[in-house]
Number of protein chains: 2
Amino acid sequence: MARPTRPLAQLAPAPSPRGVPEATVARLPLYLRALTSLSDRGVATVSSDELAETAGVNSAKLRKDLSYLGSYGTRGVGYEVEFLRHQITREIGLTQDWAVVIIGIGNLGHALANYGGFASRGFRIAALVDADERRSGEEVAGLKVRHSDELEDVIETLNISIAVVATPAHAAQAVCDRVVAAGITSILNFAPAVVQVPEGVELRKVDLSTELQILAYHEQRKNGAALALTAEQAVELAKAVRG
Amino acid sequence: MARPTRPLAQLAPAPSPRGVPEATVARLPLYLRALTSLSDRGVATVSSDELAETAGVNSAKLRKDLSYLGSYGTRGVGYEVEFLRHQITREIGLTQDWAVVIIGIGNLGHALANYGGFASRGFRIAALVDADERRSGEEVAGLKVRHSDELEDVIETLNISIAVVATPAHAAQAVCDRVVAAGITSILNFAPAVVQVPEGVELRKVDLSTELQILAYHEQRKNGAALALTAEQAVELAKAVRG
DNA sequence: GGGCACTTGTGAAGCCATGCACAAAGTTGC
DNA sequence: GCAACTTTGTGCATGGCTTCACAAGTGCCC
C-alpha cells in the first residue's frame, strides 16, 4: 500500500528516451487536467479505465500514451494520482514557469490577458504590447500596456520565451518576424493569417472562425443537405454560366 | 480564355459524392481564406502551387483535398479563383448564414461577441446569455445579455443552430446538456472541461492553455532539456522518496 | 494541325495513429 | 505459498492521411 522507495530505473532513463509522438504530446495537457481534477477530489489512485473516462479518451490509447513517458503504473492497481501528475508536469515542462508576452491588446488580447487558466498552469503573462500608442500606459489585467516599439526590449529584459500574437491579420507576419529576430522560438498565433517562420521555431495557431466553419460543414450535412443544395445549385448555375 | 459554359457533369454529382475526409474539411476554411485574399488582390487564376503557398500547405495535399470536392481546376492553367471560392463556400455551407448563441459573457465571451471574424464569414451572433443576473440587460457588442433561464427560449425563438460555450469549466456540462435538449447539434466549447454529448451532436473544443502547454513542451526540449532535468531530478527525487 | 509546355487529378507507397487483445506483473485472500 | 483476480504495458493489425510521381488533359505557338 505505502509506496516503497521508487526503484532507480525510474530516474535513470531520460524522461522520454525515444521522442514522444506529437499526437501524444497534444493529449498530455488533457491528462494533466484530469489528474488535477482527481487530485482535488482527494482520489489517490486511479486505473487507466477511470482516468481515460475522466479525460474523455480510450483507455488503450491512454496507456500507450503514458508508456511513452515511462512505466509509471502498477499492474493490478493503477496509477498514483499525485505521482503521475508530477511526471506529466515535468515532461511538459511546467515545473518552471514561462514568461509570456501578448501582442495586440484588442478584444481578444484583453481576454487572454485576463484569462485565469494561464497563470494557474505556470504561464506568467509578463508583458502586454500594442501598436496603438493611445493604448500605451493603459492598465490591463494589472499590467501597463507597452508600445510595440519596445517589443524587442521587453522580450530581452523580461526573459520572455513565448509570444502570443493577437494582432489583426495584416500585422501578424511582421510581428512574428520581429519576435523571432529577438530570439523567441515559440509562438501562439490567433491572427487569421498564414505566417512563415524559420526552421526551429514552433508555431501553433488557433483560428476561431475556422472552428465554426467546420461545425457549419457538419451541420449542413445533417440538415437534409441534398434538399438545400438543389435550391442552391440554381443560384450557382446562374453564376457559373456567367451571371 | 473565356470559360465556356461549365459541363453538366459539374452540377450533376452531389458536391461530395463520397464523404470528404475530416482532415480535408479542417483545411477548407484555410483555402477559403487564401482564395479570399487572392480575390481581394484581383488575382483571377491560380495554380495549385501558388494557392498552396498562400495557404501554407503542400501542393499535392491541396490538389488531393480539392479533388474530393470535385474536378474544379483546368489542367495546364490552374483554378479560377472566384469559381473555386464559391465552390468551397458552398461545400462548407456558408452560403446561408448561421445564428450563434454565446453562453458565458466573461472576458472570453466578451471578446468572442466582439470578434469581427465571425460576422464576415456568415456567422451571426444572435444572442448572448449569462448565468449572472447582474449582467442581464447589459449591452455587449450591440446585444443585450439575456439571463440563462431564457436559454431554451432564445434558441427556439431565434432559430439558433450553433452554441458557443465560454462558461467556467464547472458549468460547461450542464450548459451543453441544456442546449442539446433544446435541439442544438453543434457546439464549440472553450471551457477547459471534458464534456459528453450524445451521438449525432458535433462538439469541437478549443483549450487556450493546452496550446501553450504544447509549446512549453517543445521549448523545454530545445533548451538543453537534459541539463535542466538533471537539476529537476534532484527535486523529484526528494519528493519521490517521500519528502 | 501538330508538337511542346504546363498543370491537374490520382494510383501507389509509406508513415503515423488507433484500438484490440493478451501476456506479464502485481495484489488479495486463504 | 499458492491460486484467483486485477490492471498495466505492448505486439500487431487496421485504417487514415500524406507525399511522391506520373499519366492525362489543356492551352499556346508555330
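Atoms considered below: every heavy atom in the structure, side chains included; atoms not considered: hydrogens, waters and symmetry mates. Per chain, numbering begins at 1; letters A, B, ... match sequence-line order.
- In this structure the side chain of L69(A) never reaches within 4.5 angstrom of the side chain of Q87(A), judged on heavy atoms.
- Contact detail for A26(B) and T210(A): the closest heavy-atom pair is O-CG2, 4.2 Å.
- Atoms CG (L62(A)) and C1' (dT18(C)) sit 13 Å apart, rounded to a whole Å.
- Scanning atom types as modelled, one donor and one acceptor separated by under 3.5 angstrom connect the side chain of K64(A) and the base of dG19(C).
- Here the C1' atom of nucleotide dT8(C) and the CG atom of L66(B) are 10 Å apart, to the nearest Å.
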Does the pair E202(B) and R221(A) meet the rule for a salt bridge (charged side-chain N to carboxylate O under 4.0 Å, His left out), with working shown?
CA-CA 11 Å; E202(B) 203 75 24; R221(A) 289 280 121 150; over 6 Å; no
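- Taking atom CD of E80(A) as the reference point, atom C1' of dT27(C) lies 15 Å away to the nearest angstrom.
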N/O to N/O distances under 3.5 Å, protein versus nucleotides 23-26 of chain D:
unit_1, atom_1, unit_2, atom_2, d
dA24(D), N3, R75(B), NH1, 2.8
dG25(D), N2, G76(B), N, 3.4
dT26(D), O4', R75(B), O, 3.2

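- Side-chain nitrogen and oxygen atoms of Y79(B) include at least one within less than 4.0 Å of the OP1 or OP2 phosphate oxygen of dG9(C).
- More than 12 heavy atoms of other residues, nucleotides or ligands shown are found within 6.0 angstrom of CD on E82(B).
- In this model, no donor atom of one side chain and acceptor atom of the other lie less than 3.5 Å apart for E50(A) and T54(A).
- Distance E22(A) CD to dG16(D) P: 22 Å, rounded to the nearest Å.
- For the residue pair H218(B) / E22(A), a side-chain donor-acceptor distance below 3.5 Å is found, with atom types taken as modelled.
- For an aromatic pair to be called close, the ring centres must be under 6.0 Å apart, and Y79(A) with Y72(A) fails this.
- When all heavy atoms are compared, the tightest approach of I184(B) to S161(B) is CD1-C, 3.8 Å.
- In this structure, NZ of K61(A) is placed 17 Å from P of dC16(C), rounded to the nearest angstrom.
- The separation between L69(A) atom CG and dG9(D) atom P is 10 Å, rounded to whole Å.
- Atom CG of D65(B) and atom C1' of dG16(D) are 13 Å apart (whole Å).
- Against DNA chain D, the stretch residues 26-60 of chain B makes heavy-atom approaches under 4.0 Å through R27(B), N58(B), A60(B).
- Of the N and O atoms on the side chains of S48(B) and R63(B), at least one donor lies less than 3.5 Å from an acceptor on the other residue.
- Among the nucleotides dT8(D), dC17(D), dG9(C), the one closest to any side-chain atom of R63(B) is dG9(C).
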